[in-house]
Amino acid sequence: MRRLPARSPLQDVRLALAAVLAAALAGAGPGAAAASAPAPGVKPAHRLDEPGRRTAGAAAPRSADRAIVQNGRDLVLEVTVRPGDTYVSLGERYLADLRELPAIRSRNGDRLPPAGGTVIVPYASLNDEHKVKAILDLYPGDGPRDGGWVHRVGAGRQQASDESLWTLSLWLTGRGENFGSLADRNGIPGLIPSNGQEIVVPAEMLLAPFARLAAAHVSEGRSAAPADGEDASDDFTEVPSEAEPGPAPPAAPPRGPATDPSGQLTYGADGDGAFGAYRLKGGEALYSVVMRFTGRVDGQEVNDLARSIATRSGIRDLTGIPIGYRVKIPLDDLLPEFLPGQDPRRQAWEKGRQKTDRYTNLARSRNLEGVTVILDAGHGGRDRGASHNGVSEHEYVYDVLCRIKARLEEDTAARVLTTIKDRREGYRIRDAVVLPPSRSEILLTDPPFPLTDPYAGVNLRWYLTNSHFRRLVAEGSDPLKVVFTSLHADARHPGMGGAMVYVPGEEYRRGRYGYTGPVYARTRESREVPYVSFTRAERERSEGLSRQFALALIKSFRREGVSVHPFDPVRERIVRRRRSWVPAVLRCSEVPVEVLIEVSNLSNLPDSRQIADPAYRQRIADAYVDALHLYYGESAPRPPVSRLATAGGN
Ligand SMILES: [Zn+2]
């Protein structure tokens, strides 16, 4: 079920989108049959690409915004400058985030063309409304149907032979990598769509604005759209799907104490609003300052923010910033813990932290007796996860899973359950630097799921985990002696490597979550308990207990020589743009103690070399087992022997 916050701005957006869509479909021929009629009183918007259809009597005729595909794959919107426009007013009209402005400016020239001239805005930078407009301009026959989004190949302004599943997937779902799932779902052999073919993009894969239209179009009695409006992401590569919040109101310059608790920032304000100022140290790069104080880790986003901070701070050359230079970080971008003490966001953060910190796992165990570990390795099957520097995520984290499983089973009394299995290799430890993709992984649901679709794959993982958990508790296990761990490796800003651990932030799982559709209907675990939700106390307890385990992990990683991200390696949410969310495997899991470990940053060269080394993967596994001992009250009595498979005889 979709969760719609009872906020009116979102409804306004939906209404506007519905109007645009209804008008676009009204002229779309046969496809229009599925469209709902424009609501009474909603003025039909004019078609974007046909000047003759413009509403008569408009005071000042506006030129059309036009979607253009450059180089066969880059979708941009060519937008027309209006009288009185500035880059800022254009940005407010078209962009999801005003911080994209410097990039737009450098692409189009520092001087805005005069009224009637045009400016190019990349599709990825557009706000929701204009993303929909761009797609409908390029593919006027596209639209929602039965809770999904339907695209007809060759019916738009692009030649059928120029269309690709990759770009369609990128534009409608936010990830080109989803093309394989689209091909599967639509029975497209060879991944080449044919002219006239209809491609249905299911709601749970769609980007937010399309998902909203799809959900709005589901009429009574039809099967409901499976998406709950949240992303099903387990990684940084996916975009969270709720509406972007509007631009924040300009922050007032803070009063009172003028430094943050760490003493690293001073606060001030200029024409662009309030900021925290930081003096660069020797050898420090601006990107690392951005990562430390804003929590951003995505490469593109870190670089964009670093550029806009540089501009605001009067820095021309990013590579030659003098030591001691004062850089201004917008207050809105700072992590709450770096805000002034009286800032409401900082206070809310402190209050939340106090509540979750009250919880301590008092369960104790000797040699992990009575402890059950549910292990998950992200991705598998067709989806290999992140891939950089010759290392693709799944193979390597799956090998870490096998090593953890082997050590727990051989050396401790813990019981291990898994979500995933390689049908060909089983849980064989692989002592190689190059791990060829296997693609024969299945999720251990009933019936097993062959991982053809990464979205369903993520959701079935938590359904399966919850089913394991309920059975364990029913059999008399102590719920606080069950630990869920999902293993991943990501692709962040290449400048900084090291492991990071995510725990489920209380405020990011307040909804009711569940999915419907053929895959879920067929799987026992999702039929058992189709929807989950959590009480406030459960959420606070889970965040607190999980953070405690995550801190034990970090301590143990450092002791074993596993590299750890230098800033804030334990996090309760992913921060991207101005949105925060918890990965779905944590958000929907009922296991109180749960973590998602990004063991390495594959974009970072040293990290990617380390994770390729089997001895390093063993070190991660050893450190993980030590952390469990630590968490359950023992001081890790592990003998420091090498546990490579050749020695252990698996
Ligand atoms: Zn991953």
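In listed order, ligands and their atoms are each counted from 1. Sequential numbering from 1 along the given sequence is applied to the chain's residues. Heavy-atom basis, side chains included; hydrogens, waters and symmetry copies ignored. Predicted model, so just to flag it, every value in this text is computed and none were measured.
- Here His379 contributes NE2 and Glu393 contributes OE2, and at the Zn ion (ligand 1) these two atoms make an angle of 90°, given to 10°.
- Annotation for Arg609: atom CZ does not count as buried by contact number, only 12 or fewer foreign heavy atoms lying within 6.0 Å.
- Using a cutoff of 4.0 Å between basic side-chain nitrogens and carboxylate oxygens, Arg573 and Glu543 are not scored as salt-bridged.
- Stacking of Arg512 on the aromatic ring of Tyr531 is recorded, both the 6.0 Å distance cut-off and the 45° axial limit being met.
- When each of Trp462, Tyr515, Tyr455 is checked for a ring-ring contact (aromatic ring centres under 6.0 Å, His included) with Tyr520, only Tyr515 meets the rule.
- The atom of His488 that is an N, O or S and sits closest to the Zn ion (ligand 1) is ND1.
- Residue contacts to the Zn ion (ligand 1): His394 brings no N, O or S atom closer than 2.8 Å.
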